[in-house]
S.K.: 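Just dropping this structure here.
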Amino acid sequence: MIDINIIRENPELVKSACANKNEPDVVDEILTADAERRALQAEGDELRHRQKELSSQVGAAFAGGDRELAEKLKAEAKALSDSVKALEEKQREAETRWSALLIKVPNIPADDVPVGDASANVILREWGSPPKFDFEPRDHIDLGDMLGMLDMELGAKVAGSGFSLLAGDGARMSRALIAMMLDIHRESGFLEIAPPFLANRQAMTGTAQIPKLEGDMYHFPEEDLFLIPTAEVPITNLHAGEMLREENLPIYYAGYTANFRREAGSYGADTRGLLRVHQFDKVELVKFSHPDKSWEEHESLLAQAEKVLQALELHYRVVLLATGDMSFASAKVYDIELWAPGEGRWLEVSSCSNFLDFQSRRANIRFRPESGGQVQFVHTLNASGVALPRLLVAIWESYQTARGTVQIPRALRPYMHGQEEISPRL
RNA sequence: GGAGAGGUGGCCGAGCGGCUGAAGGCAACUGCCUGCUAAGCAGUUGGGCGGGUUACCGUCCCCCGGGUUCGAAUCCCGGCCUCUCCGCCA
């Protein structure tokens, strides 16, 4: 969540952030609730103060042996205690109203983020060049079928539409890619994490999937647990409620998980093959940064995700998202998109975000500056490094041959026992 | 799933109805001392919220949520988590 002081001091800034992110504007409601909450607190503090004084007088009177006085004071204190309870009830309600509103305010986009919808996104650069074919390139569905790597019908058979099933060298390549990516990140100082694939409500709220995206997640009501839509949730929440040591910052984590998204309401878009599925694998990068360093960390995080694609020699581009296209919790987002020649389009495989203190405020992740002074919130960042299904799509489509085979990228071959090519199984 | 033990500050750990935001220790910081290091001596050091221009004042916080009481870290109820034993199981 954002700092209430920003709303108090600069409501217009917050209002325009809501407008630019297409979020409902509750700023005025918050200001009203805030004033109400503060008034009730002042009143309650005063009442409690008097109650404490009285009640210590009761104790003193009993200790002094003056029973009569003690009983008299006690009766007074009882009356005061009742009014404190009544007021606390009102205070709790006001507090609840206030925080329920505050949690709906999106993060404020950074100054250098373009304002507008997706059409205002800025393509920053392209890396590599699109593969050239002297034949009509096939798409990943054909290749997956021909080479026995992908079967959407079998996925649907066991789980339903939108669940993929990889087989043979498709499954092997997926596994090899995960290992390769984790190695690349480990060499750059990221600590590998294998977290739970489920998370509780508090964790989901900490990283801001709740309240906005609650309906997009698979939920188990018995335990109030959610299947994670991204490893960002369990990994960022590793340090929830903690006071970190400044000398340990920045902290880098890399984790592989499966990810689960209901994708409710997205039927009709990207429904074919691996482009948008309910369950997919991903390697995720998460950073906890000193607030003074998070913009540098954001750039190096982007570079880290790019390392994977460069190692695989894939054609990609980096896009700076406009306000209307970025997520609720982020202040600035780069997307990395891979070129998929069979689809003839760019596919998002990574989203690289700086959340500043938006998540750490919710999850209460702080540090105490060594120079003394106020406890501060750390900054959190994350990036996919990278998402598997679309990476497979881009590899298959980019590395296909006229013979209908798929070459294995050189960097990946050690992870596949030296295999160079995927051919139809006989 | 059954039985027991426990969850206290940055960390360890005492307290088990009022004088406790919390002993003691560790750690950190500041002085003194010391040729450096170490040790020693003295002192300082939690967080949230609210109020005041500052020094400051008030309130809340001893896993979480309720309750009893004039008053709760301390008593009662519910939940979560950790540990030990038994059962079951990839």
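Below, chain A is the first sequence line, B the second, and so on; all start at residue 1.
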S.K.: Look through every strand shown and name the nucleotide pairing with A73(B) as Watson-Crick or G-U wobble, where both distances are under 3.5 Å.
M.R.: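 Per the H-bond distance test, none.
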S.K.: Out of U69(B), G18(B), G10(B), which has the shortest distance to the side chain of Lys85(A)?
M.R.: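 Closest nucleotide among those given: U69(B).
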S.K.: Work out how far the P atom of G15(B) is from that of C86(B), and round it to whole angstrom.
M.R.: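 Between the two P atoms, the distance is 31 Å.
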S.K.: Less than 4.5 Å apart, any side-chain heavy atom of Lys307(A) and any of Ser188(A)?
M.R.: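 They are in side-chain contact.
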S.K.: For the atom pair OG1 (Thr207(A)) and CD (Glu232(A)), what is the distance rounded to the nearest 0.5 Å?
M.R.: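 Between Thr207(A) OG1 and Glu232(A) CD, I get 5.5 Å after rounding to 0.5 Å.
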S.K.: With a 4.0 Å limit, can you tell me whether Arg37(A) has a side-chain N or O closer than that to the phosphate oxygens OP1/OP2 of G50(B)?
M.R.: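 Affirmative; the distance criterion is met.
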S.K.: Ignoring hydrogens and geometry beyond distance, is a side-chain donor-acceptor pair present between Glu284(A) and Tyr256(A) at under 3.5 Å?
M.R.: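 The answer is no; no qualifying pair exists.
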S.K.: Over all strands shown, is Arg245(A) touching base, sugar-phosphate only, or nothing at heavy-atom distances under 4.0 angstrom?
M.R.: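 Here Arg245(A) touches no strand at all.
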S.K.: Looking only at atom C1', what distance separates U45(B) and G10(B), rounded to whole Å?
M.R.: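 It works out to 11 Å between them.
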S.K.: Please give the distance between the C1' atoms of C11(B) and C60(B) as a whole number of Å.
M.R.: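 Each nucleotide's C1' atom is 24 Å from the other's.
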S.K.: Among residues at least two apart in sequence or on other chains, which ones pass ring-ring contact (aromatic ring centres under 6.0 Å, His included) with Phe355(A)?
M.R.: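 For Phe355(A), no residue satisfies ring-ring contact (aromatic ring centres under 6.0 Å, His included) once neighbours in sequence are set aside.
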S.K.: Please check this pair: side chain of Thr323(A) against backbone of Val115(A), looking for a donor-acceptor N/O pair closer than 3.5 Å.
M.R.: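 Here the side-chain-to-backbone pair does not exist.
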S.K.: Kindly say whether Arg172(A) contributes a backbone atom to a donor-acceptor pair with the side chain of Asp169(A) at under 3.5 angstrom?
M.R.: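 Between the backbone of Arg172(A) and the side chain of Asp169(A) there is no qualifying donor-acceptor contact (under 3.5 Å).
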S.K.: Does the side chain of Ser300(A) come under 3.5 Å of the side chain of Lys287(A) through a donor N or O and an acceptor N or O?
M.R.: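 There is such a pair (donor and acceptor under 3.5 Å, judged by atom type) between the side chains of Ser300(A) and Lys287(A).
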S.K.: Which whole number of Å gives the distance between the C1' atom of C49(B) and that of C85(B)?
M.R.: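 My reading of the C1' atoms in C49(B) and C85(B) gives 45 Å.
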S.K.: Counting only Watson-Crick pairs (N1-N3 plus N6-O4 or O6-N4) and G-U wobbles (N1-O2, O6-N3), all under 3.5 Å, who is the partner of U53(B)?
M.R.: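 Pair assignment: U53(B) / none.
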S.K.: Rounded to the nearest 0.5 Å, what separates atom CG in Leu150(A) from atom CG in Asp142(A)?
M.R.: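 Answer rounded to 0.5 Å: 10.5 Å.
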S.K.: Tell me, yes or no, whether the heavy-atom count around Arg8(A) atom CZ, taken from other residues, nucleotides or ligands under 6.0 Å, exceeds 12.
M.R.: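 Correct, the count exceeds 12.
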S.K.: Given the P atoms of G78(B) and G4(B), what is the spacing between them in whole Å?
M.R.: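 Roughly 13 Å separates the two P atoms.
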S.K.: Atom CD of Gln57(A) to atom C1' of U69(B): distance rounded to whole Å?
M.R.: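 So the CD-C1' distance, Gln57(A) to U69(B), works out to 18 Å.
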S.K.: Starting from P on C49(B), measure out to CD on Gln91(A) and report it in whole angstrom.
M.R.: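 Those two atoms, CD and P, are 14 Å apart.
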S.K.: Nearest nucleotide by nearest heavy atom, which residue falls closer to the 5' end of RNA chain B, Gly59(A) or Ile4(A)?
M.R.: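 By nearest-heavy-atom nucleotide position, the 5'-most residue is Gly59(A).
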S.K.: With a non-hydrogen cut-off below 4.0 angstrom, is Arg50(A) in contact with a base, only sugar-phosphate, or nothing?
M.R.: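 No contact.
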S.K.: Write down the distance between CD (Gln376(A)) and C1' (G48(B)), rounded to a whole number of angstrom.
M.R.: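 Distance check: Gln376(A) CD to G48(B) C1' gives 16 Å.
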S.K.: Any donor-acceptor pair under 3.5 Å linking the side-chain atoms of Glu306(A) with those of Tyr316(A)?
M.R.: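 Glu306(A) and Tyr316(A) do have a side-chain donor-acceptor pair below 3.5 Å.
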S.K.: Using whole Å, report how far CZ of Arg92(A) lies from C1' of G65(B).
M.R.: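 For the pair Arg92(A) CZ and G65(B) C1', the rounded distance is 10 Å.
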S.K.: May I have the distance from Met243(A) (atom CE) to A28(B) (atom P), rounded to whole angstrom?
M.R.: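 My rounded result for the distance is 18 Å.
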S.K.: When you compare C64(B) with C70(B), how far apart are their C1' atoms, in angstrom units rounded to a whole number?
M.R.: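 The same atom, C1', in both gives a distance of 27 Å.
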S.K.: Pairing donors with acceptors under 3.5 angstrom, does anything connect the side chains of Asn354(A) and Ser294(A)?
M.R.: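 A donor-acceptor contact under 3.5 Å links the two side chains.
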S.K.: With the criterion being N/O to N/O and under 3.5 Å, what pairs connect the protein with nucleotides 51-54 of chain B, and how long is each?
M.R.:
from: G51(B); atom 1: OP1; to: Arg38(A); atom 2: NH1; distance (Å): 3.0

S.K.: Need the pair for G24(B). Rule: Watson-Crick or G-U wobble, both distances under 3.5 Å, any strand; none if unpaired.
M.R.: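 Partner of G24(B): C12(B).
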S.K.: Searching all strands shown, indicate the nucleotide that pairs with G40(B) (Watson-Crick or G-U wobble; both distances under 3.5 Å).
M.R.: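 Pair assignment: G40(B) / C32(B).
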S.K.: Side-chain N or O of Lys52(A) less than 4.0 angstrom from OP1 or OP2 on C60(B)?
M.R.: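 The answer is yes; a side-chain N or O of Lys52(A) sits under 4.0 Å from OP1 or OP2.
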S.K.: What is the distance from NE2 of His49(A) to P of C57(B), rounded to the nearest Å?
M.R.: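 One finds 12 Å between P of C57(B) and NE2 of His49(A), rounded.
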S.K.: Can you measure Arg366(A) atom CZ to G48(B) atom P for me and round it to whole angstrom units?
M.R.: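 Going from CZ in Arg366(A) over to P in G48(B) covers 5 Å.
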S.K.: Expressed in whole Å, how much space separates the P atoms belonging to A42(B) and G25(B)?
M.R.: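 To the nearest whole Å, 11 Å.
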S.K.: Using the C1' atom on both, measure G46(B) against C29(B) and round to a whole Å.
M.R.: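 Pairwise C1' distance, G46(B) against C29(B), rounds to 15 Å.
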S.K.: Counting only Watson-Crick or G-U wobble pairs whose two distances fall under 3.5 Å, which nucleotide matches A3(B)?
M.R.: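 Check on A3(B): paired to U84(B), both distances under 3.5 Å.
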S.K.: Have a look at Gln51(A) and say if it touches a base, only the backbone sugar-phosphate, or nothing, with a 4.0 Å heavy-atom cut-off.
M.R.: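 Since only primed, P, OP1 and OP2 atoms lie under 4.0 Å of Gln51(A), the category is sugar-phosphate.
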S.K.: So which of residues 26-36 of chain A are in contact with RNA chain B, with a heavy-atom cut-off of under 4.0 Å?
M.R.: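 Going residue by residue through residues 26-36 of chain A, none turns out to have a heavy atom under 4.0 Å of RNA chain B.
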S.K.: Let me know the distance between CZ of Phe62(A) and C1' of G17(B), rounded to the nearest Å.
M.R.: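 That distance rounds to 13 Å.
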S.K.: Which of these nucleotides, C70(B), G47(B), G58(B), is closest to any side-chain atom of Gln41(A)?
M.R.: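 Of the options given, the side chain of Gln41(A) lies nearest G58(B).
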S.K.: Between Thr257(A) and Asn259(A), is any side-chain donor less than 3.5 angstrom from a side-chain acceptor?
M.R.: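 Short answer, yes.
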S.K.: Should the side chain of Ser55(A) and the base of G18(B) be counted as holding a donor-acceptor pair, with the cut-off at 3.5 Å?
M.R.: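 Answer is yes: a donor-acceptor pair is held.
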S.K.: Nearest to the side chain of Ser81(A), which nucleotide is it out of G48(B), C60(B), C70(B)?
M.R.: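 Among G48(B), C60(B), C70(B), the one nearest the side chain of Ser81(A) is C70(B).
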